[in-house]
Protein chains: 2
Amino acid sequence: MQTDCPFSVVSLRQQVYDYLRGQMNRGDLRPGSAINLGEMSARFGISRTPLREALLQLEAEGFVTIYPRRGIVVNPLSESDIRHAYEVIGALEASVILNEQGKISSAETGQMRELNELMRQSLDRDDFAEFYDHNVAFHNVYLDLSDNRGLVRTVMTLKQRLYDFPRRKGFVKEWETTSTGEHERFIGLLESGDPKAASGYMRDVHWSFDVQKPWIRRYYSELEREGALNR
Amino acid sequence: MQTDCPFSVVSLRQQVYDYLRGQMNRGDLRPGSAINLGEMSARFGISRTPLREALLQLEAEGFVTIYPRRGIVVNPLSESDIRHAYEVIGALEASVILNEQGKISSAETGQMRELNELMRQSLDRDDFAEFYDHNVAFHNVYLDLSDNRGLVRTVMTLKQRLYDFPRRKGFVKEWETTSTGEHERFIGLLESGDPKAASGYMRDVHWSFDVQKPWIRRYYSELEREGALNR
DNA sequence: CCCTGATATCTGATATATCATATATCTGTA
DNA sequence: TACAGATATATGATATATCAGATATCAGGG
């Protein structure tokens with residue numbers, strides 16, 4: 001029925017949401033920058049209502065703050081925001097790995113191996129965007145096994161928050177090399193039949209703010225110099 | 001400055017949100033029931049805009065579904081919704097317990113003991129509302145130690161979803177007795193200096209859907225007979 | 001010069017009107 | 001009688017106008 005329909009009407013609200021998310025993702029809309037309903041309405045030639053609705057959604061997801069009658073600002077990403085995101089992502093990804101262990105077979109670990117290899121190739125080619133897409137796809141191998149779509153949506157929204165503003169055209173190569181190594185260790189634990197250890201490794205190492213802190217600080221401090229990150 | 005101000009203007013949108021949440025909480029707005037913007041606008045004498053904005057927020061939080069141009073429906077709570085909520089709550093509460101273990105002292109465990117005792121007294125008096133308030137307060141003892149307000153908000157929203165619709169004036173007493181026993185075990189693990197075991201117990205026993213499934217099914221199946229829960 | 005109160009301006013919040021889509025009902029034809 | 005197309009109705013989605021609160025600026029008095 002509806003899911004088979006080749007046509008769909010995308011609400012203006014959704015289009016605005018997608019547009020603004022795209023702007024943040026490309027770095028065209030930076031942390032701290034102001035968004036003005038009246039200007040946007042004039043620029044796009046649409047009314048303020050769908051704009052406002054899209055922004056209310058973005059606010060609920062943490063991307064912007066609406067100051068009543070004062071203005072709308074794109075949220076900076078502070079170190080504690082990063083720490084909080086790591087905490088939630090780590091806990092939820094670990095939970096999925098444990099809960100869906102029965103569905104993680106050699107097809108899945110094989111897929112993750114491929115993606116990890118593609119990540120390494122992207123690293124060698126300095127292709128940042130591709131590296132991150134493969135990274136997201138790596139984690140999605142097990143996330144997509146979960147029917148808990150709310151959980152996955154929470155994780156994905158937080159990842160978008162993490163990835164948007166530091167989404168620069170560059171790496172801390174040592175971090176990414178370590179990261180792909182952690183992926184490999186993770187796969188090894190899964191393949192050796194120890195999903196509990198794999199789950200713990202994902203939460204306590206790969207998504208541990210404390211463990212990753214030196215890389216995080218190095219990575220984000222470089223961005224801070226570029227003015228993309230406000231403490 | 002603003003946080004000290006004894007006066008505040010509460011937007012219509014927020015008032016509508018609070019009102020509707022209160023209605024769901026009291027069972028005056030049941031799962032499956034329709035909400036009509038035009039009727040509500042007429043009844044409250046306010047425009048549809050803040051109504052719609054409140055409902056968009058409620059939709060984002062899982063309480064309602066807005067069917068474009070067709071109507072707005074209060075979401076039923078299915079068994080899989082409950083399972084999903086348990087999964088997320090368990091993972092996140094366990095994470096807080098681990099991360100904030102340094103802040104959990106005898107003051108906190110003492111507080112939890114008191115609340116658990118109050119829960120037992122409510123149970124003896126068949127005071128359902130009070131039992132649940134103490135239960136929420138019990139868990140909040142450690143949740144409030146976390147500065148990850150996004151995490152806590154996620155947990156609280158899911159709990160509201162769980163508690164609203166089965167919020168009847170009654171108990172499965174054996175479940176609640178078992179539950180307070182689990183609280184006691186949890187406190188014991190904390191006091192014996194094993195926060196990791198306490199964290200694991202909270203996630204793998206107290207908030208494990210599989211472990212609690214028999215109680216859940218008994219509790220919610222009674223509600224289903226009352227028409228409060230749709231599968 | 002500084003402070004206070006009045007006024008102007010800005011911008012989101014709300015009210016009202018209209019539009020766009022989904023569904024129900026009616027009408028005509030085979 | 002059944003089916004297809006046209007029309008009516010319902011309801012959320014969007015457009016436009018106005019309001020309400022926050023901030024900036026100005027004017028007057030001490």
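Every chain is numbered from 1 and lettered A, B, ... according to where its sequence line falls, protein lines coming before strand lines.
Computed from coordinates, the R13(B) CZ to dA15(C) C1' distance equals 16 Å when rounded to whole Å. Atom CG of L55(A) and atom C1' of dG12(C) are 11 Å apart (whole Å). When rounded to the nearest whole Å, the span between CG of L12(B) and C1' of dC19(D) equals 11 Å. Between I46(B) atom CD1 and dA20(D) atom P the separation is 14 Å, expressed in whole Å. For Y67(A) and dT11(C), the OH to P distance is 16 Å, given to the nearest whole Å. Atom CE in M40(B) sits about 16 Å away from atom P in dT16(C), given to the nearest Å. Between F44(B) atom CZ and dT14(C) atom P there is a gap of 15 Å when expressed in whole angstrom units. To the nearest angstrom, C1' of dG12(C) lies 16 Å from CD of Q14(B).
Distance alone, capped at 3.5 Å, is enough to place a donor-acceptor pair between the R149(B) side chain and the S146(B) backbone. A distance-only check finds a donor-acceptor pair linking the side chain of E59(A) to the backbone of I66(A) [under 3.5 Å].
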Inset, instruction - Walk me through it: do E93(A) and Y142(A) pass the test side-chain hydrogen bond (donor to acceptor under 3.5 Å, both in side chains)? - result: CA-CA 8 Å; E93(A) 286 211 355; Y142(A) 51 86; 2.3 Å; yes
Inset, instruction - Carefully, step by step, assess F63(B) and L20(B) under the rule side-chain contact (heavy atoms from CB on, under 4.5 Å). - result: CA-CA 10 Å; F63(B) 291 100; L20(B) 291 175; over 6 Å; no
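Here the side chain of R70(A) is nearest to one of dT23(C), dT11(D), dA22(D), namely dA22(D).
Residue contacts for R48(A): at a heavy-atom cut-off of 4.0 Å it reaches a base atom on one of the strands shown. When heavy atoms are screened at a 4.0 angstrom cut-off, S11(A) is found touching the sugar-phosphate backbone but no base atom. Using a 4.0 Å heavy-atom distance criterion, I35(B) is classed as a sugar-phosphate-only contact.
No donor-acceptor contact under 3.5 Å links the side chain of R69(B) to the base of dT14(D).
Relative ring orientation between W175(B) and W215(B) is described as parallel, the plane-to-plane angle staying below 30° on a 0-90° scale split at 30° and 60°.
Distances shorter than 4.0 Å separate none of the side-chain N or O atoms of S47(A) from OP1 or OP2 on dT14(D).
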